[in-house]
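If you're wondering where the values come from, they're calculated on a predicted model, not measured in any experiment.
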Amino acid sequence: MASLPSIVVGNTIKLDRFKKHTPSSLSLENRNFNTKEFVKALDPFHLDFREALSLIQEGNTKVESSFYIPLLQECIEKNSVSDVQALHALVIKRGSYQDLFLMTFLVNVYAKCGTMESARKVFDNLPKRNVVTWTSLMSGYVHNSQPLLAITVFKEMMEVGGYPTNYTLGIVLNACSSLCDIELGKHIHGYIIKYGIEYDASIGNALCSFYSKCGSLDMALKAFCRTREKNVISWTAVISACGDNGHSAMGLDMFVEMLSEGVEPNEFTLTSVLSLCCIIQALGLGTQVHSLSIKLGYGTQIPVTNSIMYLYLKSGCISEAKKLFDGMNTISLVTWNAMIAGHAQMMDLGQDGLSTHFSGIEALKIFQRMKRSGMKPDLYTFSSVLTVCSNLVALEQGEQVHAQTIKTGFLSDVVVGTALVNMYNKCGSIGRASKAFIEMSTRTLISWTSMITAFAQHGLSQQALQLFEDMRFIGVRPNKITFVGVLSACSQAGMVDEALAYFNLMKNEYKINPVMDHFACLIDMFVRLGQIEQAFDFIKKMEFMPSEFIWSILIAGCRSHGKLELGFYAAEQLLDLKPKDTETYFLLLNMYLSASRWKDVSRVRKMMKDEKIGKLKDWSWISIRNKVFSFKPENRLNQEGEVAKLLEDLQEKARVLGYQLQANLEVVDEEEETTLLPAHHSEKLAVAFGLLNTSNGGQIWA
DNA sequence: CTAGGGTTAG
C-alpha cells in the first residue's frame, strides 16, 4: 500500500497521474472512455479492485464519481452483486449520489448482475432522471426476461412526458418481440415514422428483427430495405430473419449479395450463415464459408467453430467434424451438445439400420466423455440424449437419463419432458410415456402431439382422441402433425365417420391443407376395412402424386382382398416411382406368379434382367448386451440349426393359432437357381437369434 | 451510461 498515497492529493484522488500512462485518447473527463483501458491503466499502481475499494473506504477523501466506473465495470465482469452493493454504499456515503451519470450506470450494473429489484430501487430514489436512465431500466427488464415490466416503464416514461430516443424505441421493440406483442410493436413503429427515424440503421435493424420474430418476413425485409446506411448488423439481422422464417436459401442469397456490396461479415454473420447452410444441407457453400471464416480471423471463435462442426456432422463428414473438435482450445457446453445432437441427426442420415445404430452408440459415448470431463449437461444435452435413446430403443439408458434429469432439475423443461414421453413410447412403455406426460408442468403443442401419436401407435385410439379433445378444449391449436396422429388413431380403430369428420375439421376450421401422411392414414383405414375402391377413390382425389408408401398400402390391401387388377396397377405405379428397387420388382413378380400370369411374369423378369436387378439386399441386425449381430439371408450362422428349429416351432405354433403363412412368399426362381427368400426373412432370423440369446422373458424391441 | 446480430433441442 506504500505506493498508494502518492495518488491521493489533498482530499481528492488525483486522477491526472493516470493520464501520463495512458494514450491521449483516454481522457478521463471524456465520459466515453474505454473502461477496459482505464482498468489497465490502473495496473502500474497495482490498484486492483480490492485495493481501490479499501483506498476509498479507508480515507475520508472525496472521490471523483468517474473513479467508480471501472470498479463497477469489474463487478459486471465478475458478476459480483456484493461488490456492487459495497460500492453503492460508498457512493451514497461520499455524496456522489447526486451524479445522475453515475447513478444511471449503477442502474445498469445492477441490471446486468441480474438484480432488477436493486436497479429499480436506485431508479426510484433518484431525484432526477433522463432518457438514458429510463432506457437503462427498460433494457435491464428486457435482458432479465421481464419484457412486460419494460413496457410498463416505457408507458410511465411517456406519461411523464419523456422523449424516447432510437435506443429506447429499439429496446421497446425488443420487448415486443419476446412478448410477440405485434400491436404495441406496430404502435412503436408509428412513433418511429413520426420522429422520422425509420431510415436510421439502429432503428431499422431493431424493426427488422422485431418483424422477423413475429413471423412477418415481408415487413422485416421492408424494414431492411428502408435502412439507409446498412451495416454488418443490418445484413446479419436480415439473413437471420430469412432463416428464422423458413427461407434459408433466400438468406444465403442475401449473404452473397452482402459480400458483393463489399460489406465484410463478422463472427455473428458467419455463424448465422453457417446455421442456414446446416438447415438446407449446403455443405459446399458451408465449406467455403469455413475458409472465409479462417481468412477473416474468426477460425477460432467458439460459436463459429461449433456451427461448422455441426454442419459437418449433419452432412455425415465425421472425420472433418472430429478434426475440428480435437483442435478446439476450449470445448464449451454448446460444443458438446452440438457433437451429441450431430450424431443424433446422423441417425436419420444413416443408410441402413446398422450405421444408424453406430451413430447412436457414438452419441452416447460422447455424452459419457462429456460428463467425465466435468461438464454439466443442460436441457439441450438431455433432450438430444433422450432422442438418441428413443432411436436406439435403449430403455435402460433412457431410464438412467430420466433419473439424471430429475437430479439436475431439467425434467421440468418442456422439451426434455416431451423427449422423455417419446423415449418411453418408442421403447414400448405407453404407461410410462403417459405418466411422464401427466407429470409435465407445462406442455407445448409438440408435447400434446407426441402423446396423441403415442396413443395412436399403441392402438389406444380412444385415449388419443380424448387427449386431442382435451388439447383443443384448453385452447391449443393443432398443426398438421397433430392431425396425422388423430387420423391414424381413427384409422387403427376403423372409425370411418370420425376420420372423415376430423379430416374436414382440419381443412375447414383450422385451414390446414392435407398432406400425404393424412391421405395415407385414410387410405390405410379403407384398405384395412377391405374397402379397396374407396381407398382408390381417395388416391384419385388427392391433388398430388401418390407416394411410394401409399401405393404399397394399396398393394398390400389388394393382395389380401384379392383385388388383383388394381394390385397389378398399383405395383406398376410403384415401380415407376422406384425404378431400380429390388424389393418392388420381387413384389410384382410374386404377384404375377401367384396369379399364374406367365406372360407378365416373363415381362417383369426381362425388365429385371435389363435393369440388372439381383438378389434381395435385405438384411437385419440385432443388438444383444451392446454387441451387434447382423443377418443376411445367405449367411451361415453358428446356431443355424437351433435358429431354424426355433423358426419351425414358431411357425407350427402360429399355424395352430390360426395364422396362415402366405403361400406366395417363397418362390423359386428356376432360371437363376437362387431361392428368393420372403421379405424380412432376415428379420425373422435376427429375432429368433435374439430369443435364443436373451434370458427367458427378456423383451425384444423392434 | 442506454441498441441492433450468433451456435446446440422436440
Nearest of [options] to any side-chain atom of [X]?
X: A/Ser307; options: B/dT8, B/dT7, B/dG10; result: B/dT7
X: A/Thr135; options: B/dA9, B/dT8, B/dT2; result: B/dT2
X: A/Ile233; options: B/dG4, B/dT2, B/dA9; result: B/dG4
X: A/Val415; options: B/dG10, B/dT8, B/dG4; result: B/dG10
X: A/Ala201; options: B/dT7, B/dA9, B/dG4; result: B/dG4
X: A/Thr271; options: B/dG10, B/dT7, B/dT8; result: B/dT7
X: A/Ser136; options: B/dG4, B/dT2, B/dA9; result: B/dT2
X: A/Asn174; options: B/dT7, B/dT2, B/dG4; result: B/dG4

Tell me whether the side-chain N/O atoms of [X] come closer than 4.0 Å to OP1 or OP2 in [N].
X: A/Tyr310; N: B/dA9; value: yes
X: A/Thr168; N: B/dT2; value: no
X: A/Gln345; N: B/dA9; value: yes

Could you tell me whether [X] contacts a base, only the sugar-phosphate backbone, or nothing, with contacts defined as non-hydrogen atoms closer than 4.0 Å?
X: A/Thr381; result: nothing
X: A/Ile446; result: base
X: A/Ser209; result: sugar-phosphate
X: A/Asn422; result: sugar-phosphate
X: A/Lys112; result: sugar-phosphate

Q) Does a distance-only test, which skips hydrogens and angles, find a donor-acceptor pair under 3.5 Å between the side chain of A/Ser384 and the base of B/dG10? A)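 Not at all, since no donor on one side and acceptor on the other fall under 3.5 Å apart.
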Tell me the interatomic distance from [X], atom [atom1], to [N], atom [atom2], rounded to whole angstroms.
X: A/Met138; N: B/dT2; atom1: CE; atom2: C1'; result: 9 Å
X: A/Phe437; N: B/dG10; atom1: CZ; atom2: C1'; result: 13 Å
X: A/His143; N: B/dG4; atom1: NE2; atom2: C1'; result: 10 Å
X: A/Met370; N: B/dA9; atom1: CE; atom2: C1'; result: 13 Å
X: A/Asn205; N: B/dT2; atom1: CG; atom2: C1'; result: 16 Å
X: A/Ile366; N: B/dA9; atom1: CD1; atom2: P; result: 14 Å
X: A/Asp378; N: B/dT7; atom1: CG; atom2: P; result: 15 Å
X: A/Tyr167; N: B/dG4; atom1: OH; atom2: C1'; result: 10 Å

Q.
Which residue is it: A/Asn205, A/Thr269, A/Asn231? I am looking for the one with a side-chain hydrogen bond (donor to acceptor under 3.5 Å, both in side chains) to A/Thr236.
A.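 Of the listed residues A/Asn205, A/Thr269, A/Asn231, the side-chain hydrogen bond (donor to acceptor under 3.5 Å, both in side chains) partner of A/Thr236 is A/Thr269.
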Q: Please tell me if the side chains of A/Tyr199 and A/Thr227 come closer than 4.5 Å, counting only heavy atoms from C-beta onward.
A: no
Q. So which heavy atom on A/His343 is nearest to which on A/Ile318, and how close?
A.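 In this case the closest contact between A/His343 and A/Ile318 is NE2-CG2, 4.3 Å.
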Q: Would you mind listing every side-chain hydrogen bond (donor to acceptor under 3.5 Å, both in side chains) that reaches into residues 291-309 of chain A, with sequence neighbours excluded?
A: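 The answer is A/Asn306-A/Thr335.
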Q) Is there a stack between A/Phe105 and B/dC1, judged by ring centres under 5.5 Å and planes under 30°? A) no
**Q.** N/O donor-acceptor pair under 3.5 Å between A/Ser383 side chain and A/Ala419 backbone
**A.**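 Checking the backbone N and O of A/Ala419 against the side chain of A/Ser383, no donor-acceptor pair under 3.5 Å is found.
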Q | Any donor-acceptor N/O pair, A/His402 side chain to A/Gln400 backbone, under 3.5 Å | A |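 No, the answer is negative, given that no donor and acceptor are paired below the 3.5 Å cut-off.
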